[in-house]
Amino acid sequence: MIDAALVRARVSGRLSQVAKARFIVEPPKDPAHGDYATNVALVMARDEGKPARDVAAIIKGELVASDEFSEVNVGGPGFINFRMAAKFWQSELRRAADAGESFFLPKVGQGKKAQVEFLSANPTGPLTVGHGRNAVLGDTIARLYEATGFEVTREYYFNNGGRQMKLLGASVRARYLEALGEKASFPEEGYQGQYIRDIAAGLVARHGGALRDQTELEPFRAAAEEAIFADIHRTCERLKIRFDVYTNELDLIAQGKVARVLAELERRGLLVERDGAVWLRGEPLGLSKDEVLIRSGPDREPTYRTPDIAYHIDKLARGFDLVVGVFGADHIAEHKTVITVLKALDLNIAPIRTVIYQFVTLTRAGQKVKMSTRKANYVTLDELIDEVGVDVVRFFFLLRKSDSHLDFDLELATRQAPENPVFYVQYAHARLASVFREARKAGLALPEGPEEVKLELLSEEEIGLGKRILRFPELIISCVEELEPHRLPFYLIELAAEFHRYYNKPVNRIIGVQTELSRARLFLAGLIKRTLVHGLTLLGVEAPERM
RNA sequence: GCGCCAGUAGCUCAGUCGGACAGAGCAGCGGCCUUCUAAGCCGCGGGUCGUGGGUUCGAGUCCCGCCUGGCGCGCCA
C-alpha cells in the first residue's frame with residue numbers, strides 16, 4: 001500500500017525515486033501515536049534532499065482512502081502514523097476467536113523436529129538453585145517448540161566416567177567405612193554433603209560390612225549415581241519437567257562413538273601425542289591452545305571433552321532441524337571448542353542453537369552465598385521449591401533474559417511471595433474465572449459464534465485490550481525464534497496490568513449491564529482468559545480458578 | 001594477560017533486526033472496598049542509560065578505547 005503510494009508520487013514527479021533503503025512498518029512504542037507507523041519518509045529524506053516531514057506529507061497525499069483506517073497523520077521527525085478503524089479490530093478479534101488455538105499458537109514448526117538438551121547435571125549431588133535456572137529455561141523452550149508444532153525431544157546428557165565420579169565413589173567409601181566405625185581418610189577434594197553419608201548409610205543397611213575390604217570404587221560410585229539420580233528425578237517431577245532421552249558418557253564410549261571421533265581426527269592430522277597423552281591440535285583449528293583428549297596413564301581414559309564431541313556428532317546425525325543446548329556461562333568456552341571441532345569435521349552445524357545463561361547469584365540475609373557442590377555450601381532446588389512453591393520458582397527463573405545475572409534473594413523471595421508477579425498474573429485469571437462463574441449464575445450464556453456478538457459496543461479501552469491479545473501470536477514466534485522465553489512473562493504481566501486497571505473501573509462491569517453489552521464484554525473477557533491460560537501453560541505455571 | 005557476558009530510577013530488571021518525551025515491579029508518601037475476588041486500582045516523587053570518542057537524519061540499542069562486576073582460560077565437568 002505504501003509502495004503503491006511511493007510509485008504514484010514518483011510518477012507524478014513529486015518524489016525523485018522510490019525508496020531505495022529498506023523501511024519498516026510496525027506498531028510504535030507509544031500507542032498514542034497510532035496503531036502502525038512507518039519510517040519510510042525518514043529513510044528517504046536524505047536522497048530526496050527534502051525534510052523528512054515534507055516527504056511524509058507527499059506520501060500521505062498519495063495514500064488511497066480505505067475504510068480500514070480511521071486516521072493517517074505525520075508525526076515527530078516524519079513518521080507516518082496509521083490508526084485503524086474500530087471495525088478493523090472487531091473483525092480481527094472475531095477471526096482470533098474463530099481460529100482458537102491455531103491463532104494463539106501459530107504452528108511455525110509444523111513438520112520440524114527439535115532436540116533440546118538441558119539440565120545435564122552430573123549425578124554428584126542434589127540439584128542446586130543454579131541448575132534450576134537451566135532446567136526451567138530448557139523446559140520452557142521445549143514447551144514453546146511443542147506449542148508451535150515442533151516435534152520435540154528433551155534430552156539429558158551426563159558424565160558418569162572420569163575423575164569427578166571417582167571422587168564421588170571415594171567419598172562414599174570413606175563415609176561407609178566411617179559408618180562401620182573404621183578410620184578412613186576422606187579424599188582431599190571429596191564431596192562433603194550430608195547426602196554422601198545418607199548413601200553410605202544405605203550401603204551399610206543393605207550390605208552390612210561386606211564392602212569393608214572392597215578396594216574398587218565402582219560399587220560405591222554406582223550406588224551414588226543411582227541414589228542421586230533418584231533424587232534429581234524427584235525434583236524434576238516437582239518442577240513438571242520430564243526428559244525423553246538420557247545419554248551418558250560411558251554408553252558413548254561403549255558404543256565406540258568416542259573411538260570413531262578419535263580415528264577421524266587422527267585421519268585429518270588433528271591429533272598429537274605428547275607427555276603420554278593425546279592432544280587435539282589447536283593451531284590448525286584456530287584455537288588458542290591444544291586440548292587433552294586422552295589422559296596419560298595406564299587407563300588411557302578420555303577427558304570429558306572427547307565424549308562431548310561424540311555426543312554432538314550423534315545429535316547432528318539424528319536428523320533434527322534444530323539442536324538446542326542450554327548451558328551455563330562456565331561452559332561457553334568448552335562449547336565453542338566443540339563447535340570448532342564439528343566444523344573441522346565438515347559437519348553442518350546450522351541446526352545448532354545455543355542458549356547461554358549467566359549464573360544465579362544467591363543472597364541470604366544480605367550475604368552472598370558461594371555455591372559449590374563439593375563443599376556442600378549451597379541451597380538445593382528442593383529447599384527453594386519448599387520455600388516459595390513451584391509456580392514462583394518457574395516464573396522467577398524466566399523473568400530475566402538468560403544473558404543477565406539472576407539475583408535471587410532468598411529472604412525476599414520468601415517474604416514477598418504474596419507480592420510476586422506470578423500471583424499478579426494468576427490473580428487476573430482467577431478474577432476472570434470468577435466473572436464467568438457469576439455469569440453462569442446470572443444465566444448469561446456466551447453466544448455460539450463470535451458473529452453473534454455485537455463488538456461495536458466495545459469501548460476504546462476494551463479494543464485496546466483486544467489489540468494486546470492480537471499481538472500474542474507474534475510474541476510467541478519471537479520467543480521461539482530468538483530463544484528468549486523471558487518475553488512471555490513480561491507480556492503476561494502487562495496484559496494482567498491492563499486487565500486489572502480495566503476491571504477496577506465501576507463503568508466496566510461485565511455482568512449486570514445491558515445484555516448485549518454484557519455478552520460483548522464476556523466475549524472479550526474470554527479471549528483475555530484464554531490468552532492468560534496459554535501463556536501460563538507455556539511457562540508451566542498454574543492458572544487457578546480461585547485464589 | 002587473553003576470551004565471553006553484563007553495567008539503565010534507592011533496589012531488582014525490561015527496552016522486540018537504531019526511531020518519536022527512556023519503562024515496570026519493589027521500596028517511600030497519599031488516596032479507593034454497599035455492587036463480577038482489595039493477592040487489586042488511582043495519584044506523587046525518583047535516571048548525565050558506567051565513561052570517552054565514532055557511524056547515522058536519528059544511538060540505551062551499532063563500532064573502537066577505557067573503568068567496574070561475573071564467568072572461563074585444568075590430563076575437572
Side-chain angles (χ1 to χ4, degrees), chain A residues 22 24 26 28-30 32-33 37 39 41-46 51-52 75-79 81 120-122 124 158-159 162-165 167 189 249 275-279 288-289 291-297 301-305 308 328-334 336 356-359 361 374 399-409 412 416-424 426-428 430-439 441-442 474-475 478-479 482 484 486-487 489-490 493-494 496-497 499-506 508-513 518 521 525 546-547:
Chain A
R22 301 250 298 262
I24 55 171
E26 62 177 4
K29 279 181 181 173
D30 184 349
H33 292 124
N39 62 347
L42 289 114
V43 172
M44 292 176 71
R46 181 182 219 180
F79 288 99
N81 298 318
S120 293
N122 290 334
T124 58
F158 62 98
N159 296 90
R163 285 259 198 287
Q164 293 301 328
M165 295 309 292
L167 199 55
E189 298 275 296
E249 177 183 9
D275 305 329
V278 176
W279 301 69
S288 57
K289 59 184 173 58
E291 306 280 5
V292 174
L293 294 185
I294 302 287
R295 277 191 269 269
S296 61
E301 284 177 321
T303 60
Y304 62 89
R305 189 173 296 119
D308 201 7
D330 55 338
H331 282 63
I332 183 163
E334 158 61 15
K336 280 183 177 170
I356 299 290
Y357 63 93
Q358 296 295 319
F359 270 32
T361 336
R374 262 205 314 270
L399 210 44
R400 274 140 189 86
K401 70 177 172 206
S402 63
D403 281 339
S404 290
H405 286 95
L406 197 159
D407 192 43
F408 209 120
D409 187 323
L412 210 68
Q416 295 198 332
E419 303 159 51
N420 192 293
V422 67
F423 292 105
Y424 184 81
Q426 289 179 319
Y427 186 52
R431 274 183 152 176
L432 283 160
S434 172
V435 166
F436 279 96
R437 278 194 300 271
E438 293 299 319
K441 261 191 244 166
E474 65 193 61
L475 168 90
S478 86
C479 288
E482 309 296 322
E484 292 194 343
H486 76 276
R487 295 178 187 186
F490 278 99
I493 290 169
E494 283 166 12
F499 169 70
H500 284 311
R501 215 165 17 245
Y502 165 78
Y503 181 92
N504 267 281
K505 290 181 194 162
N508 290 329
R509 288 188 59 78
I510 297 167
I511 300 159
V513 295
S518 195
R521 286 178 172 171
R546 295 170 201 276
M547 286 176 77

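A quick note: this is a predicted structure, and the numbers were derived from the prediction, not measured. Throughout, a chain's letter reflects where its sequence line sits, starting with A, and its residues are numbered from 1.
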Checklist entry - Is the phosphate of B/G15, meaning OP1 or OP2, less than 4.0 Å from a side-chain N or O of A/Lys401? => result yes
Rounded to the nearest angstrom, tell me the gap between atom [atom1] in [X] and atom [atom2] in [N].
X: A/Asn504; N: B/A38; atom1: CG; atom2: P; result: 7 Å
X: A/Ile493; N: B/C26; atom1: CD1; atom2: C1'; result: 12 Å
X: A/Ile294; N: B/G74; atom1: CD1; atom2: P; result: 19 Å
X: A/Leu475; N: B/G15; atom1: CG; atom2: C1'; result: 14 Å
X: A/Glu494; N: B/C13; atom1: CD; atom2: P; result: 18 Å
X: A/Phe423; N: B/A39; atom1: CZ; atom2: C1'; result: 8 Å
X: A/Glu334; N: B/C71; atom1: CD; atom2: P; result: 19 Å
X: A/Tyr357; N: B/C5; atom1: OH; atom2: P; result: 17 Å

Could you measure the distance from the [atom1] atom of [X] to the [atom2] atom of [Y]? Nearest 0.5 Å is fine.
X: A/Asp403; Y: A/Gln358; atom1: CG; atom2: CD; answer: 6.5 Å
X: A/Leu167; Y: A/Glu189; atom1: CG; atom2: CD; answer: 7.5 Å
X: A/Met165; Y: A/Asn122; atom1: CE; atom2: CG; answer: 7.0 Å
X: A/Ile511; Y: A/Arg521; atom1: CD1; atom2: CZ; answer: 11.5 Å
X: A/Ile356; Y: A/Ile332; atom1: CD1; atom2: CD1; answer: 4.5 Å
X: A/Leu42; Y: A/Phe79; atom1: CG; atom2: CZ; answer: 5.0 Å

Next on the checklist: Among residues at least two apart in sequence or on other chains, which ones pass side-chain contact (heavy atoms from CB on, under 4.5 Å) with A/Arg509?
Outcome noted: A/Val513
Short heteroatom pairs, N/O only, protein and nucleotides 57-60 of chain B, under 3.5 Å:
unit_1: B/C57; atom_1: OP1; unit_2: A/Arg46; atom_2: NE; d: 2.6
unit_1: B/C57; atom_1: OP1; unit_2: A/Arg46; atom_2: NH1; d: 2.4
unit_1: B/C57; atom_1: OP1; unit_2: A/Arg46; atom_2: NH2; d: 3.1
unit_1: B/C57; atom_1: OP2; unit_2: A/Arg46; atom_2: NH2; d: 3.3
unit_1: B/G60; atom_1: O6; unit_2: A/Lys29; atom_2: NZ; d: 2.9

In whole angstrom, give me the gap between the [atom1] atoms of [N] and [M].
N: B/C42; M: B/A27; atom1: P; result: 16 Å
N: B/A6; M: B/U12; atom1: C1'; result: 14 Å
N: B/U55; M: B/U48; atom1: P; result: 26 Å
N: B/G60; M: B/U8; atom1: P; result: 15 Å
N: B/U35; M: B/G46; atom1: P; result: 36 Å

Considering every strand and a 4.0 Å limit on heavy-atom distances, what is the contact class for [X]: base, sugar-phosphate, or nothing?
X: A/His486; answer: sugar-phosphate
X: A/Ser404; answer: sugar-phosphate
X: A/Lys505; answer: nothing
X: A/Arg546; answer: base
X: A/Asp275; answer: base
X: A/Arg509; answer: base
X: A/Ala37; answer: base

Which of these nucleotides, [options], is closest to any side-chain atom of [X]?
X: A/Asn39; options: B/C75, B/C73, B/G19; result: B/G19
X: A/Pro28; options: B/A39, B/A20, B/C75; result: B/A20
X: A/Arg501; options: B/C42, B/G40, B/G19; result: B/C42
X: A/Lys336; options: B/C75, B/G40, B/C4; result: B/C4
X: A/Ile332; options: B/G40, B/C4, B/U12; result: B/C4
X: A/Asn81; options: B/A20, B/G40, B/U16; result: B/A20
X: A/Asn122; options: B/A20, B/A14, B/A77; result: B/A77
X: A/Tyr503; options: B/C41, B/A77, B/A38; result: B/A38
X: A/Arg431; options: B/A77, B/G40, B/U35; result: B/G40
X: A/Asp407; options: B/C36, B/A20, B/U12; result: B/U12

Checklist entry - Mind checking whether A/Phe490 and A/His486 have parallel, tilted or perpendicular rings, split at 30° and 60°? => result perpendicular
Checklist entry - Starting at the 5' end of RNA chain B, which residue's closest nucleotide do you reach first, A/Ala329 or A/Asp403? => result A/Asp403
Checklist outcome for this item: Sorted by position of nearest nucleotide on RNA chain B, 5' first, the leading residue of A/Pro421 and A/Ala333 is A/Pro421
Checklist entry - Hey, mind stepping through A/Trp279 and A/Ile294 against side chain to side chain contact (heavy atoms under 4.5 Å, CB included) and telling me if it holds? => result CA-CA 7 Å; A/Trp279 301 69; A/Ile294 302 287; over 6 Å; no
Checklist entry - Does B/C33 adopt a syn or an anti glycosidic conformation, taking syn as a chi angle within 90° of 0? => result syn
Next on the checklist: Does either side chain, that of A/Arg431 or that of A/His500, offer a donor lying less than 3.5 Å from an acceptor on the other one?
Outcome noted: yes
For [X] and [N], are the ring centres under 5.5 Å apart with planes inclined under 30°?
X: A/His405; N: B/G70; result: no
X: A/Tyr304; N: B/A77; result: no
X: A/Phe79; N: B/A20; result: yes

Next on the checklist: Only Watson-Crick and G-U wobble pairs with both distances less than 3.5 Å should count. Give RNA chain B in dot-bracket notation, marking inter-strand partners with |.
Outcome noted: (((((((..((((.....[...)))).(((((.......))))).....(((((..]....))))))))))))....
Item to check | NZ/NE/NH1/NH2 to OD/OE distance under 4.0 Å, A/Glu291 and A/Lys289 | outcome: yes
Item to check | Sub-4.5 Å side-chain heavy-atom contact between A/Val422 and A/Tyr424 | outcome: no
Item to check | Side-chain heavy-atom pair A/Arg487, A/Lys401 within 4.5 angstrom cut-off | outcome: no
